[in-house]
A.B. asks: 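Attaching a single structure in structure tokens format; questions to follow.
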Amino acid sequence: MVAFPRAFFAVDSVELAPLLLNKLIVRGERVGRIVEVEAYAGAADPASHAFRGPTARNATMFGPPGHLYVYFTYGMHFCANVVCGPEGEASAVLLRGLTPLGGLEEMRAARGPAARLDRDLTNGPGKLCQALGLDRSFDGADLVTGDRGVEVADDGTAPPSPPGVSGRIGVSVAADVRWRFYVPGAAGVSRARAAP
DNA sequence: CTTTGGATCGTCT
DNA sequence: GACGATCCAAAGG
């Protein structure tokens with residue numbers, strides 16, 4: 001289990017996204033393997049929260065790489081991103097699906113009765129935040145130092161080659177951009193339909 | 001299995 | 001005042 005240097009995150013989101021596949025996100029006992037992500041490219045990407053410039057909500061995206069950007073949406077859900085690229089450029093990678101590896105009891109308790117199967121614990125961006133207990137108080141957490149108890153780590157598992165690729169889910173613009181990456185066949189990949 | 005509609009509120013126009 | 005980088009229960013095949 002090895003932590004990443006900050007330089008690992010200081011690259012474009014489209015480059016980093018597939019590299020995060022099969023890496024781990026760790027919060028205490030709770031561990032998940034990252035199996036589905038989407039890249040968002042800041043000012044150049046109409047689907048990004050940062051497309052119209054900095055605001056109070058998206059400030060973390062403009063900060064240094066290797067931090068967590070957590071936002072609230074649909075009146076009831078949180079989503080978590082890994083901030084990447086150089087400081088000042090608001091690119092990020094959305095975590096969309098995990099395979100639960102550890103702390104399953106805590107995850108079940110956090111998710112409640114709706115998660116009937118273990119694969120339902122973390123197979124969606126809102127679900128994985130709920131399972132890991134990530135909310136707005138984790139916005140800005142440093143994934144390199146683990147200053148708030150959350151970090152990204154490597155257990156030596158290589159990313160898939162090639163990864164699965166598709167259009168991004170849930171976005172109403174730039175539907176032709178294929179920046180969703182996933183581990184084919186892995187438990188925890190969300191079942192929502194993507195653009196083929 | 002798939003499809004559909006409701007929930008619910010912070011954020012930006 | 002409108003709309004989400006969503007989830008879930010319910011209903012239909």
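In what follows, every chain begins at residue 1, and chains take the letters A, B, ... in the order their sequences are listed.
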A.B. asks: State whether the number of non-hydrogen atoms from other residues, nucleotides or ligands found under 6.0 Å of Arg136(A) atom CZ is greater than 12.
C.D. replies: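 More than 12 within 6.0 Å, yes.
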A.B. asks: Quick one: His49(A) NE2 to dG10(B) P, roughly how many Å, whole number?
C.D. replies: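 About 16 Å, once rounded to whole Å.
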A.B. asks: Please report, rounded to the nearest Å, how far the P atom of dC7(C) is from the CG atom of Asn123(A).
C.D. replies: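 Rounded to whole Å, this separation is 8 Å.
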A.B. asks: Does dC7(C) have its OP1 or OP2 closer than 4.0 Å to a side-chain nitrogen or oxygen of Arg111(A)?
C.D. replies: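 For Arg111(A), the contact criterion (side-chain N or O under 4.0 Å from OP1 or OP2 of dC7(C)) is not met.
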A.B. asks: Hey, does Arg116(A) reach any base, or is it just sugar-phosphate, or nothing, if we go heavy atoms under 4.0 Å?
C.D. replies: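 It contacts nothing in the nucleic acid.
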A.B. asks: Would you mind reading off the distance between Gln130(A) atom CD and dC8(C) atom P, rounded to a whole angstrom?
C.D. replies: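 Atom-to-atom, Gln130(A) to dC8(C), this comes out as 7 Å.
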A.B. asks: Measure from the side-chain heavy atoms of Ser172(A) and tell me the nearest of dA5(C), dG4(C), dC12(B).
C.D. replies: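 In terms of side-chain proximity for Ser172(A), the closest of dA5(C), dG4(C), dC12(B) is dG4(C).
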A.B. asks: For Arg136(A) and for His77(A), find the nucleotide of DNA chain B with the closest heavy atom, then tell me which residue's nucleotide is more 5'.
C.D. replies: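 That would be His77(A).
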A.B. asks: Flag yes if more than 12 heavy atoms outside Arg119(A) fall under 6.0 Å of its CZ atom; otherwise flag no.
C.D. replies: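 Open: at most 12 neighbouring heavy atoms sit under 6.0 Å from CZ of Arg119(A).
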A.B. asks: Expressed as a whole number of angstroms, how long is the span from Leu117(A):CG to dC8(C):P?
C.D. replies: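 It is 12 Å, rounded to the nearest whole Å.
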A.B. asks: Between atom CG of Leu134(A) and atom CG of Leu68(A), what is the distance when rounded to the nearest 0.5 Å?
C.D. replies: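 Interatomic distance, Leu134(A) CG to Leu68(A) CG, rounded to 0.5 Å: 6.0 Å.
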A.B. asks: Figure out the CG/C1' separation between Asn58(A) and dT13(B), and round it to whole Å.
C.D. replies: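 One finds 15 Å between C1' of dT13(B) and CG of Asn58(A), rounded.
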A.B. asks: For Ala41(A), does its backbone N or O pair with a side-chain atom of Ser91(A) as donor and acceptor, under 3.5 Å?
C.D. replies: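 No, Ser91(A) side chain to Ala41(A) backbone: no donor-acceptor pair under 3.5 Å.
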A.B. asks: State whether the aromatic ring of Tyr71(A) stacks on the base of dA5(C), taking stacking to mean ring centres under 5.5 Å apart and ring planes under 30° to each other.
C.D. replies: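 No, Tyr71(A) does not stack on the base of dA5(C), since the centre distance and plane angle fail the 5.5 Å and 30° test.
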A.B. asks: Mind checking the CZ-CG spacing from Arg168(A) to Asp45(A)? Nearest 0.5 Å is all I need.
C.D. replies: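 Separation between the atoms: 4.0 Å.
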A.B. asks: Assign Ala114(A) to base, sugar-phosphate, or nothing according to its heavy-atom contacts below 4.0 angstrom with the strands shown.
C.D. replies: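 Here Ala114(A) touches the backbone only, sparing every base.
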A.B. asks: Among dC12(B), dT11(B), dC8(C), which nucleotide sits nearest the side chain of Thr55(A)?
C.D. replies: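 The answer is dC12(B).
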A.B. asks: Which nucleotide in the list dA7(B), dG4(C), dC8(C) gets nearest to the side chain of Tyr74(A)?
C.D. replies: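 Selected nucleotide (nearest to the side chain): dG4(C).
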A.B. asks: Checking base pairs now: Watson-Crick or wobble, both atom distances under 3.5 Å. What partners dT8(B)?
C.D. replies: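 Base partner found: none.
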A.B. asks: What is the separation between atom CZ on Arg57(A) and atom P on dG10(B), rounded to the nearest whole Å?
C.D. replies: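 After rounding, the reported distance stands at 12 Å.
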A.B. asks: Starting at CZ of Phe72(A) and ending at C1' of dC12(B), how long is that distance when rounded to a whole Å?
C.D. replies: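 Result: 15 Å.
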A.B. asks: Could you tell me how far apart Leu95(A) (CG) and dA5(C) (P) are, to the nearest whole angstrom?
C.D. replies: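 The distance from CG of Leu95(A) to P of dA5(C) comes to 16 Å, rounded to the nearest Å.
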